[in-house]
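Note that the structure is predicted; figures quoted are calculated from it, not measured. Computation of the quantities below employed the complete heavy-atom set of this structure, encompassing side-chain atoms and omitting hydrogens, waters and symmetry-equivalent molecules. Along the sequence shown, residues carry numbers from 1.
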Amino acid sequence: MNEFIEKMAERARQTPKKVGFPEALNPDVLKTAAMCVSAGIGMPVLIGNDAQIRQTAAEAGISLEGCRIFDNTDPALLAETAGEYLKAFPDFSEKTALRKLKKPLTCAMMLLRLGTVDCVAAGKDYPTGDVVFEAIGIVGLQPGVENPSSLGIADIPGFTLGENGMLALADCAITAQPDAKDLAGIAIASADTVRTLLGWEPRVAMLAFSTCGSAEHESVEVVRQAVELAKKLRPELKIDGEFQLDAAILPQTARKKVKRESSVAGKANVLIFPNLHAGNIGVKLIQIFGHANAYGPVLQGFAKPVCDFSRSAPVEEMLGNVAMLVIRAGSEEREGI
């Protein structure tokens, strides 16, 4: 277990939570669940057919000790759960509730809303779009949040800038072409996430192919508007731009390109990409060429914590994602969110 994951696990052990896993027929997910138990960070709730889950675990040599199986193919359990859900949230007919509970991902979100689990970890088999769609439809968004977003954490070997060699990156998974309001919201949510989750003092750079007016384009103007809006909404946060990547993270470049005072230029630890193309490409460049461990994406803005695994993530990274999820669930519980 690397240093970052160990730190996250240590914090998660202080407030272990029930974690819903709707992809319980995936051996990597079962390995992650077993590691959650051995690390003491959470109590996995595996959603799916009991016999199939046990068979998958046995074939992979994985112990399910400490895990609970929620068999969403058991008619009696489904009827009981549908009744509890509809009593608390009369959103559907009984027939519809039963149908939704038979789908593991939807079932996980319904259990999350009910409080049967404290958080949900998915995305190893399900596309990000499916995870986000079900979370919006069942769990809903935090008050005042219009759109969810995502944030990844990159731990980069040999990189000494950012936050001790680490960077937070957003949005890398959800909003394809954010407008100024979306970008401002992503910047603010990301600042709050890194402070709560990692204990950083966020220094948020809004990225573009221009630095402080060095180029003109309508897409650059969107970034400039987002900077101004974010500063207006949360003036206490360190959010600045528009910056090219080198001006955001390299002090020597910032001194040349940024001719005004900035608490972010050259020392950013949170990078906000102008669109999903840049975010997705940027993360993969860091992983492939920088040999970085990338944790997340952390989904932001939902009423209760949900995480979305990268489908290529190894088990150790998945454990880090779950640890961060448990930390957020504990933090939101303390704050009464």
Side-chain angles (χ1 to χ4, degrees), residues 12-13 15-26 29-30 32-34 36-37 40-54 57 64-126 130-142 299 302-309 318 321-337:
R13 277 192 286 271
T15 56
K17 297 295 176 185
K18 298 185 293 294
V19 184
F21 290 95
E23 297 157 318
L25 297 181
N26 185 302
V29 171
L30 293 181
T32 302
C36 287
V37 174
I41 68 175
M43 294 75 77
V45 178
L46 308 173
I47 299 163
N49 179 270
D50 187 288
Q52 292 179 348
I53 292 172
R54 293 187 186 280
L64 296 183
E65 184 178 354
C67 299
R68 174 193 168 194
I69 295 176
F70 183 94
D71 189 340
N72 72 326
T73 66
D74 180 339
L77 181 58
L78 287 188
E80 178 184 351
T81 306
E84 292 176 4
Y85 186 89
L86 294 174
K87 184 177 179 180
F89 313 107
D91 301 336
F92 321 115
S93 66
E94 182 179 6
K95 182 179 180 180
T96 300
L98 288 169
R99 186 182 74 247
K100 287 181 176 293
L101 284 166
K102 291 177 183 177
K103 301 176 182 178
L105 180 58
T106 315
C107 179
M109 299 302 177
M110 293 172 74
L111 295 179
L112 177 57
R113 193 176 183 195
L114 268 176
T116 305
V117 299
D118 301 303
C119 46
V120 167
K124 188 64 175 174
D125 294 325
Y126 291 109
D130 290 357
V131 177
V132 171
F133 177 82
E134 294 295 349
I136 291 175
I138 302 297
V139 179
L141 299 170
Q142 292 177 6
L299 299 182
F302 293 111
K304 293 190 175 185
V306 176
C307 90
D308 175 47
F309 297 130
M318 293 168 66
N321 293 342
V322 175
M324 291 191 290
L325 187 68
V326 168
I327 292 167
R328 292 168 62 215
S331 174
E332 292 186 4
E333 182 180 81
R334 289 192 298 273
E335 293 171 7
I337 295 177

Interatomic distance, CG@L78 vs CD@E94, rounded to 0.5 Å, equals 11.0 Å

Would you call K103 and D130 a salt bridge, taking side-chain N to carboxylate O under 4.0 Å as the test? no

Pick out which of V120, V19, D118, V45 makes a side-chain contact (heavy atoms from CB on, under 4.5 Å) with L112. V120

Pairwise distance SG(C107) to CD(E134) - rounded to 0.5 angstrom: 11.0 Å

May I ask you to decide if A303's main-chain N or O and Q142's side chain share a donor-acceptor pair within less than 3.5 Å? no

Single hit among V131, I136, V117, L114 for side-chain contact (heavy atoms from CB on, under 4.5 Å) with M109: V131

List the steps, then state whether side chain to side chain contact (heavy atoms under 4.5 Å, CB included) holds for F302 with L141. CA-CA 4 Å; F302 293 111; L141 299 170; 3.8 Å; yes

Roughly how far apart are L25 CG and N49 CG, rounded to 0.5 Å? 7.5 Å

Residues which pass side chain to side chain contact (heavy atoms under 4.5 Å, CB included) with A82, listed by chain and number, not counting sequence neighbours: A97, L98, L101

Give a yes or no on whether the backbone of Y126 and the side-chain of E23 come within a donor-acceptor separation of less than 3.5 Å. yes

Single hit among N72, T81, V139, I138 for side-chain contact (heavy atoms from CB on, under 4.5 Å) with M110: I138

The side chain to side chain donor-acceptor pair (under 3.5 Å) partners of T116 (sequence neighbours excluded) come to none

Please lay out, stage by stage, how M318 and V29 fare under the test side chain to side chain contact (heavy atoms under 4.5 Å, CB included). CA-CA 8 Å; M318 293 168 66; V29 171; 4.0 Å; yes

Just wondering, are more than 12 heavy atoms of other shown residues or ligands nearer than 6.0 Å to CZ in F133? no

Taking the side chain as everything from C-beta on, heavy atoms only, tell me whether P16 gets closer than 4.5 Å to M43. yes

So the salt bridge (Lys or Arg N to Asp or Glu O under 4.0 Å) pairs with at least one residue in residues 66-75 (sequence neighbours excluded) are none

Between the CZ atom in R328 and the SG atom in C119, the distance rounded to the nearest 0.5 Å is 9.0 Å

